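What you see is a predicted model; the values in this text were computed from it and never measured. Protein chains get the first letters and strands the later ones, always in sequence-line order, with residue 1 at the start of each.
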2 protein chains.
Amino acid sequence: MDKYDCLKIENQLCFPLYACSKEIIRHYKPFLDEIDLTYTQYIAMMVLWEKKCLSVKELGSCLYLDSGTLTPVLKKLEAKGYIERKRCEADERSLNVTLTDEGEKLKDSAAEIPPKMGSCVNLSPEEAGELYRLLYKILSNVNQ
Amino acid sequence: MDKYDCLKIENQLCFPLYACSKEIIRHYKPFLDEIDLTYTQYIAMMVLWEKKCLSVKELGSCLYLDSGTLTPVLKKLEAKGYIERKRCEADERSLNVTLTDEGEKLKDSAAEIPPKMGSCVNLSPEEAGELYRLLYKILSNVNQ
DNA sequence: TGCAATTAGATTGTGTACAATGTAATTGTA
DNA sequence: TACAATTACATTGTACACAATCTAATTGCA
């Protein structure tokens with residue numbers, strides 16, 4: 001165990017996280033292509049399907065994304081007709097994002113994706129649960 | 001449990017993976033700034049510090065990255081003077097990537113980063129080990 | 001109440017990611 | 001041994017991600 005061992009990629013925890021995240025997202029692509037969404041657009045829609053209406057700031061804190069990333073993503077979703085972007089009347093700084101009927105309708109096609117994805121992650125339910133717990137434990141710490 | 005529950009972001013495994021990966025990489029930034037590397041450049045250097053010399057293809061399979069991503073990353077590392085890129089004499093299609101003395105020297109500064117990062121992931125050694133195991137289990141499956 | 005500080009989004013610039021395609025070198029085989 | 005198929009890398013185009021900065025609206029406090 002020399003002082004450089006910590007630099008070996010196989011001793012890193014961040015690297016398999018990074019690689020895993022990318023590889024799984026890559027496996028989403030063929031399914032997401034069918035409903036013409038990218039992964040980022042998909043997770044934004046996922047929050048909207050649940051919350052119906054929220055500000056860019058709220059969406060950003062759900063997704064760990066800032067306005068620099070979300071503004072163009074939301075403009076694309078608006079161009080596709082899935083959402084509406086409207087300044088909040090009570091506070092003009094804030095932008096309300098809401099689902100259109102088309103956006104709401106998309107939920108049915110999207111609901112077919114998670115079951116199809118399940119097979120690419122070969123973990124037992126217990127392992128998946130443990131992974132989930134560990135990831136959220138890190139996330140809760142990383143944000144103080 | 002209705003048919004849309006699978007679409008809730010808190011029921012997804014991919015989302016915390018994606019968010020965790022990004023958040024941890026973001027925490028690397030101040031440390032990586034000190035040695036003027038991005039995260040992608042850092043993991044490429046990590047493989048080189050270990051293997052000394054390898055082709056773009058080999059590097060790509062270590063990092064789960066293709067030439068479209070690696071070519072510009074490696075050109076930047078070459079411009080910084082940390083690596084050399086030279087066509088393989090035995091097979092001109094292949095490009096050999098090797099460390100320069102400057103690149104080798106960088107290893108000492110880089111070795112200070114992993115210990116500093118440890119504190120941002122508040123997992124016990126057992127939990128970190130389990131997370132590591134689960135991530136590599138997924139990675140081994142995702143690539144058939 | 002006036003105005004400095006804060007806040008919410010948008011913009012800009014840099015750096016990945018990756019699919020699709022292009023090019024040149026090498027291989028396999030009829 | 002020609003030449004089609006394959007391989008390695010580079011290029012192009014699209015889409016994030018994020019730091020830094022900008023603008024306009026709102027808040028807080030002297």
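- When the C1' atom of C/dA17 is taken as reference, atom CZ of A/R26 falls 10 Å away, rounded to whole Å.
- Regarding B/K22, its NZ atom lies at a distance of 14 Å from the C1' atom of C/dT16, rounded to whole Å.
- Ring orientation note: the planes of A/Y64 and B/F15 are tilted relative to one another, at an angle of 30° to 60°.
- Remark: C1' of C/dG15 and OH of A/Y18 are 11 Å apart, rounded to the nearest angstrom.
- Between B/K76 and C/dT14, a side-chain N or O to OP1/OP2 separation shorter than 4.0 Å is absent.
- Rounded to whole angstrom, the span from the CD atom of A/E58 across to the P atom of C/dA8 amounts to 10 Å.
- For the pair B/F15 CZ and D/dC16 P, the interatomic distance rounds to 15 Å; values are reported in whole Å.
- Put simply, the side chain of A/K107 does not reach to within 4.5 Å of the side chain of A/M45, judged on heavy atoms.
- With D/dA10, D/dA8, D/dA17 as the choices, the nucleotide that has an atom nearest any side-chain atom of B/S94 turns out to be D/dA8.
- Interface residues of residues 39-57 of chain A facing DNA chain D, ordered by number: A/T40, A/Q41; criterion, heavy-atom separation under 4.0 Å.
- Heavy-atom minimum distance, B/K22 versus A/L65: NZ-CD2, 3.2 Å.
- You'll find the side chain of B/Y42 reaches within 4.5 Å of the side chain of B/Y28, heavy atoms only.
- Between the P atom of C/dG15 and the CG atom of B/L74 lies a distance of 14 Å, rounded to the nearest Å.
- Nucleic acid contact class of A/L65 (heavy atoms, under 4.0 Å, all strands): sugar-phosphate only.
- Of the two residues near DNA chain D, A/I25 and B/N96, the one whose nearest nucleotide lies more 5' is B/N96.
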Under 3.5 Å, which N/O atoms of the protein pair with N/O atoms of nucleotides 20-29 of chain C?
residue: C/dT26; atom: OP1; partner: B/E92; partner atom: N; Å: 3.1

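- Counting heavy atoms from C-beta on, the side chains of A/N11 and A/C6 never come closer than 4.5 Å.
- There is no side-chain donor-acceptor pair under 3.5 Å between A/E102 and A/T100.
- Side-chain N/O atoms of B/R85 include none lying less than 4.0 angstrom from OP1 or OP2 on D/dA8.
- Looking at heavy atoms from C-beta onward, A/L13 lies out of side-chain contact with B/I24 at the 4.5 angstrom threshold.
- Summarising the geometry, the separation between CG on A/L70 and P on C/dT12 is reported as 18 Å, rounded to the nearest angstrom.
- With contacts defined as side-chain heavy-atom distances shorter than 4.5 Å, the pair A/E58/A/V47 does not qualify.
- Base engagement by B/T69 is indicated by at least one non-hydrogen atom pair under 4.0 Å involving a base atom.
- At whole-Å resolution of the value, CD1 in B/I24 and P in D/dA17 are 16 Å apart.
- A donor-acceptor distance shorter than 3.5 angstrom exists from the side chain of A/K80 to the backbone of A/D36, with no hydrogens or angles considered.
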